[in-house]
Amino acid sequence: QVQLEESGGGLVQAGGSLRLSCEASGLIFSSYIMGWFRQAPGKERAFVAAVSRNGGSLDYADSVKGRFTISRDSAKNTVYLQMNGLKPEDTAVYYCAARKTNGYSTSRIPETYDYWGRGTQVTVSS
């Protein structure tokens, strides 16, 4: 079975950093776009970042550009989200997602992703 397991969430002060990890299993990692989405209470799930199957293309939401970095490690079947300069508005449950593809692009559209993790809570205090 396919599993995406997030880790690394927690409570940090504004301006701090966290690194989220998502380990994928049960799939051919190199065949999938990997993305990060987040959902705050009362809000819809929103795109955060995505990386193409070979790591060659990166995409970020405007709200996190310059602060967050997405990367993937093919040897570990793991995608990361390095979050620096965290703000209270970054507080949300962060979800890892995987989308099968034959190409080398990314996607911001959650409905196009095939698999999802359970999420990890990130809380940023003022």
Side-chain angles (χ1 to χ4, degrees):
Q1 65 183 43
V2 173
Q3 277 194 296
L4 304 178
E5 187 166 353
E6 302 98 334
S7 61
L11 174 64
V12 297
Q13 294 182 336
S17 297
L18 283 174
R19 188 179 75 160
L20 305 184
S21 299
C22 172
E23 184 176 1
S25 60
L27 55 75
I28 301 173
F29 188 64
S30 62
S31 295
Y32 287 81
I33 297 167
M34 300 300 297
W36 288 97
F37 296 78
R38 66 188 182 186
Q39 188 166 26
K43 297 184 179 179
E44 294 184 352
R45 190 167 298 189
F47 170 78
V48 176
V51 56
S52 60
R53 57 193 281 251
N54 68 341
S57 295
L58 309 175
D59 190 26
Y60 299 95
D62 288 343
S63 59
V64 307
K65 197 169 297 181
R67 299 188 297 121
F68 292 10
T69 303
I70 189 170
S71 62
R72 63 195 296 160
D73 186 336
S74 60
K76 296 183 177 181
N77 284 3
T78 298
V79 63
Y80 303 97
L81 186 68
Q82 178 67 46
M83 305 185 295
N84 299 326
L86 283 162
K87 304 174 180 180
E89 51 262 47
D90 295 319
T91 295
V93 177
Y94 283 70
Y95 296 91
C96 174
R99 175 188 168 179
K100 193 174 184 180
T101 183
N102 293 323
Y104 297 94
S105 62
T106 58
S107 175
R108 295 185 172 195
I109 305 170
E111 289 79 10
T112 68
Y113 284 79
D114 300 296
Y115 303 105
W116 293 83
R118 296 175 184 174
T120 185
Q121 177 70 47
V122 172
T123 302
V124 185
S125 62
S126 301

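Being a predicted model, the structure only gives us computed values, none of them experimental.
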K.L.:
Answer yes or no: is there a side-chain heavy-atom contact under 4.5 Å between Tyr32 and Arg53?
P.N.:
no
K.L.:
Looking at Gln121, I'd like to know if its CD atom is crowded, meaning that more than 12 non-hydrogen atoms belonging to other residues, nucleotides or ligands lie closer than 6.0 Å.
P.N.:
yes
K.L.:
Side chain to side chain contact (heavy atoms under 4.5 Å, CB included) between Phe47 and Ile109: does it pass, once the steps are laid out?
P.N.:
CA-CA 7 Å; Phe47 170 78; Ile109 305 170; over 6 Å; no
K.L.:
In the structure I gave you, are the side-chain heavy atoms of Leu27 and Lys100 within less than 4.5 Å of one another anywhere?
P.N.:
no
K.L.:
Write down the atom of Ile33, the atom of Ala50, and the distance for their closest heavy-atom approach.
P.N.:
CG2-CB, 4.4 Å
K.L.:
Give the minimum heavy-atom separation between Tyr113 and Ser107, together with the two atoms involved.
P.N.:
OH-O, 2.7 Å
K.L.:
Determine which pairs satisfy salt bridge (charged side-chain N to carboxylate O under 4.0 Å, His left out) with at least one residue from residues 57-76, sequence neighbours left out, and list them in order.
P.N.:
Asp59-Arg108, Asp62-Lys65, Arg67-Asp90
K.L.:
Specify the closest pair of heavy atoms between Pro88 and Ala14, including all atoms of both residues, with the distance to one decimal.
P.N.:
CD-CB, 4.2 Å
K.L.:
Is it the case that one hydrophobic cluster holds both Val79 and Leu58, taking links as side-chain heavy atoms less than 4.5 Å apart, direct or via other members?
P.N.:
yes
K.L.:
To the nearest 0.5 angstrom, please state how far the CE atom of Met34 sits from the OG1 atom of Thr78.
P.N.:
8.5 Å
K.L.:
If you measure from CG on Leu18 to OG1 on Thr120, what distance do you get to the nearest 0.5 Å?
P.N.:
8.5 Å
K.L.:
Answer yes or no: is there a side-chain heavy-atom contact under 4.5 Å between Trp36 and Met83?
P.N.:
no
K.L.:
Is atom CD of Glu89 surrounded by more than 12 heavy atoms (other residues, nucleotides or ligands) closer than 6.0 Å?
P.N.:
yes
K.L.:
Return the minimal non-hydrogen interatomic distance between Cys96 and Glu6, and the atom names on each side.
P.N.:
N-OE2, 2.8 Å
K.L.:
Minimum heavy-atom separation for Ser52 and Thr106, please, with both atom names.
P.N.:
N-CG2, 3.5 Å
K.L.:
State, to 0.1 Å, how close Val51 and Gly55 come at their nearest heavy-atom pair, and which atoms those are.
P.N.:
CG2-CA, 3.6 Å
K.L.:
Is there side-chain contact between Ser63 and Arg38, with at least one heavy-atom pair below 4.5 Å?
P.N.:
yes
K.L.:
Has the side chain of Thr91 got a donor or acceptor atom that lies under 3.5 Å from a matching backbone atom of Val124?
P.N.:
yes
K.L.:
Under 3.5 Å, is there a donor-acceptor pair between the side chain of Asn77 and the main chain of Phe29?
P.N.:
no
K.L.:
Is it true that Leu4 and Val93 fall in one hydrophobic cluster, defined by side-chain heavy atoms closer than 4.5 Å?
P.N.:
no
K.L.:
Within the side chain of Tyr80, is there an N or O that forms a donor-acceptor pair under 3.5 Å with the backbone of Thr69?
P.N.:
no
K.L.:
Hey, mind stepping through Phe68 and Leu86 against side chain to side chain contact (heavy atoms under 4.5 Å, CB included) and telling me if it holds?
P.N.:
CA-CA 9 Å; Phe68 292 10; Leu86 283 162; 3.9 Å; yes
K.L.:
So if you build clusters from Ile, Leu, Val, Met, Phe, Trp, Tyr with side-chain heavy-atom gaps below 4.5 Å, do Leu81 and Phe37 land together?
P.N.:
no
K.L.:
How long is the straight-line distance from CG of Asn54 back to OH of Tyr104, given to the nearest 0.5 Å?
P.N.:
6.0 Å
K.L.:
With heavy-atom distances below 4.5 Å as the criterion, would you say the side chains of Leu20 and Tyr95 are in contact?
P.N.:
no
K.L.:
Enter the distance from Arg99:CZ to Ser31:OG here, rounded to the nearest 0.5 Å.
P.N.:
13.0 Å
K.L.:
Rounded at 0.5 Å granularity, tell me how far SG in Cys22 sits from CD in Gln3.
P.N.:
10.5 Å
K.L.:
Return the CG to CZ distance between Asn84 and Arg19, rounded to the nearest 0.5 Å.
P.N.:
11.5 Å
